[in-house]
Trainee: 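One structure, pasted below without further comment.
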2 protein chains.
Amino acid sequence: MKNPVPTVGKRRENGKARRPDRDGEIGLDGLVGHAGYAVRRFQIWIFQDFIRTLAAVDIKPTQYSVMTVIGANPGMTQMAVAKRLGIERARLVHLLDSLEARNLVKRVPSRTDRRSHALHLTPSGQASLRQFKMLAAEHERHVDEKIGPENRRRLLEILSAFH
Amino acid sequence: MKNPVPTVGKRRENGKARRPDRDGEIGLDGLVGHAGYAVRRFQIWIFQDFIRTLAAVDIKPTQYSVMTVIGANPGMTQMAVAKRLGIERARLVHLLDSLEARNLVKRVPSRTDRRSHALHLTPSGQASLRQFKMLAAEHERHVDEKIGPENRRRLLEILSAFH
DNA sequence: TATTGTTATACTCTATAACTATA
DNA sequence: TATAGTTATAGAGTATAACAATA
């Protein structure tokens with residue numbers, strides 16, 4: 001016999017009334033009110049929707065952010081991109097390898113510092129990025145549908161400290 | 001010559017004025033207004049603070065969520081915990097192995113279904129969880145300090161759809 | 001000496017598949 | 001047949017360290 005909602009004696013942590021979750025399965029209880037947990041669940045949802053929405057062009061959130069930053073700041077070095085996005089420079093090497101193999105990005109030797117590369121979008125990369133941005137905008141509309149446009153606006157405002 | 005803020009013709013997504021980032025280094029431009037990016041940066045910050053704040057007791061966010069759910073719903077099966085938290089059941093095995101090795105959680109053979117385990121906190125686990133919760137509350141206060149108590153409240157409200 | 005890009009390694013997390021013992 | 005727990009493997013992602021070329 002299944003026992004999905006155990007009736008074993010358990011009291012609320014705080015005085016709050018029981019609020020069954022959406023499916024009416026098991027109460028999260030202690031996790032309600034934890035910002036990190038809420039944010040983690042939301043991030044999983046939003047990344048999955050992004051990946052799904054841009055699946056046809058095979059672009060993941062990190063690839064999109066790399067191309068967007070390069071597109072907005074052509075000539076950046078790898079170090080600058082890595083720092084800006086909080087990516088390890090070792091990992092960026094592989095990310096750029098794959099974007100370069102797809103002819104979306106190119107590494108140009110810097111003439112001011114022969115250790116570093118100036119990063120640029122290829123013409124094909126610029127055209128592609130325009131398409132990616134349209135799909136990303138569609139993804140943002142999914143977020144609007146999920147939490148409401150007004151809440152999305154508030155969320156971006158609250159999190160503006162984390163650019 | 002560096003070119004950190006290119007003047008290449010690209011207009012703001014919305015009508016908002018340019019807002020240079022905190023360090024005044026390189027503009028994110030195209031990434032402003034993307035909910036997923038903002039949420040990712042915030043999640044990194046909040047998890048790092050959680051890990052730092054609970055470093056003395058060596059408890060990571062996922063371990064905390066597992067213990068909290070078991071504490072609030074004693075007798076849950078591994079499948080139920082995995083589904084509830086969105087963790088792979090294969091991964092939960094290892095998580096529970098380590099929590100059990102630390103005498104925080106125990107697997108009790110279910111008498112109604114001999115395939116499954118009923119999960120419980122040990123007495124030591126219950127005492128520890130109370131301590132973890134105090135540290136987690138301290139972590140939440142850090143979030144308050146970072147974004148403001150009112151914004152934290154709004155954030156939890158907006159993300160309540162993702163329990 | 002320090003920094004840029006690169007390579008390599010280890011550890012965590014995610015995603016699967018397969019196996020066992022039960023149901 | 002299907003499910004719960006387990007084991008194993010492969011792929012991302014993260015964190016380090018070390019190296020060559022250059023500053």
Trainee: In whole angstrom, what separates B/Ile87's CD1 from C/dC13's P?
Mentor: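 Answer to the nearest Å: 10 Å.
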Trainee: Please report the distance, rounded to the nearest Å, between NZ in B/Lys83 and C1' in C/dT14.
Mentor: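 So the NZ-C1' distance, B/Lys83 to C/dT14, works out to 19 Å.
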Trainee: Using a cut-off of 4.0 Å on non-hydrogen atoms, how would the nucleic acid contact of B/Gln78 be classed: base, sugar-phosphate, or nothing?
Mentor: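 Touches sugar-phosphate only.
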Trainee: So, for A/His34 and B/Phe50, is the gap between ring centers shorter than 6.0 Å?
Mentor: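 No, ring centres 6.0 Å or more apart.
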Trainee: Round to the nearest Å and state the distance from B/Phe47 atom CZ to D/dG13 atom C1'.
Mentor: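 Answer to the nearest Å: 14 Å.
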Trainee: A/Arg40 or A/Leu96: which one's nearest nucleotide on DNA chain C is closer to the 5' end?
Mentor: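 Nearer the 5' end of the strand: A/Leu96.
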Trainee: Is the shortest side-chain N to carboxylate O distance from A/Asp49 to A/Arg141 below 4.0 Å?
Mentor: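 The answer is no: the pair does not qualify as a salt bridge.
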Trainee: Could you tell me the separation between the CG atom of A/Leu85 and the P atom of D/dG13, rounded to a whole number of Å?
Mentor: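 It works out to 13 Å between those atoms.
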Trainee: Please report the distance, rounded to the nearest Å, between CD1 in A/Ile51 and P in C/dA15.
Mentor: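 Checked: the CD1 to P distance equals 9 Å.
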Trainee: Could you tell me how far apart B/Leu92 (CG) and D/dA4 (C1') are, to the nearest whole angstrom?
Mentor: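 B/Leu92 atom CG is separated from D/dA4 atom C1' by 11 Å.
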Trainee: Reckon B/Thr62 touches a base, only the sugar-phosphate, or nothing at all at heavy-atom distances under 4.0 Å?
Mentor: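 Here B/Thr62 touches no strand at all.
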Trainee: About how many Å separate CG of A/Asp58 and CZ of A/Phe132, when rounded to the nearest 0.5 Å?
Mentor: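 The distance works out to 9.0 Å.
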Trainee: Could you please name the option among D/dT16, D/dG5, C/dG5 that lies closest to any side-chain atom of B/His117?
Mentor: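 Of all the options, the side chain of B/His117 is nearest to D/dG5.
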Trainee: Got a sec, which pairs hit ring pair (Phe, Tyr, Trp, His ring centres under 6.0 Å) with one end in residues 68-111 of chain B, sequence neighbours left out?
Mentor: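 Applying ring pair (Phe, Tyr, Trp, His ring centres under 6.0 Å) to every pair that reaches into residues 68-111 of chain B, excluding sequence neighbours, yields nothing.
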Trainee: Hey, what's the ring geometry for B/His139 with B/His142, parallel, tilted or perpendicular (30° and 60° as the breaks)?
Mentor: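 Correct class here is perpendicular.
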Trainee: Between C/dA15, D/dT16, C/dC13, which one does the side chain of B/Glu88 approach most closely?
Mentor: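 Selected nucleotide: C/dA15.
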Trainee: Looking only at side-chain atoms of A/Arg91, point me to the closest of D/dT14, C/dG5, D/dG5.
Mentor: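 Shortest atom-to-atom distance from the side chain points to D/dT14.
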Trainee: Indicate whether OP1 or OP2 belonging to C/dT4 is found under 4.0 Å from a side-chain N or O atom of A/Arg107.
Mentor: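 No, outside the criterion.
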Trainee: Check ring-ring contact (aromatic ring centres under 6.0 Å, His included) between A/His117 and all other residues, then give those that pass, not counting sequence neighbours.
Mentor: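 Not a single residue meets the ring-ring contact (aromatic ring centres under 6.0 Å, His included) criterion with A/His117.
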Trainee: Would you kindly compare A/Asp97 and B/Lys60 by the position of their nearest DNA chain C nucleotide and give the one closer to the 5′ end?
Mentor: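 Comparing both residues, the 5'-ward one is A/Asp97.
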Trainee: Is it true that A/Glu150 and A/Arg153 have a side-chain N and a carboxylate O under 4.0 angstrom from each other?
Mentor: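 Between A/Arg153 and A/Glu150 there is a salt bridge, with a charged N closer than 4.0 Å to a carboxylate O.
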Trainee: Rounded to whole angstrom units, what separation is found between the CD1 atom of A/Ile44 and the C1' atom of D/dG13?
Mentor: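 One finds 14 Å between C1' of D/dG13 and CD1 of A/Ile44, rounded.
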Trainee: Can you tell me the distance, in whole Å, between the CD atom of A/Gln48 and the C1' atom of C/dC13?
Mentor: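 From A/Gln48 CD to C/dC13 C1': 14 Å.
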Trainee: For nucleotides 19-23 of chain D, tabulate all protein N/O to nucleotide N/O atom pairs closer than 3.5 Å, reporting atom names and distance.
Mentor:
residue	atom	partner	partner atom	Å
D/dA23	OP1	A/Arg114	N	2.9

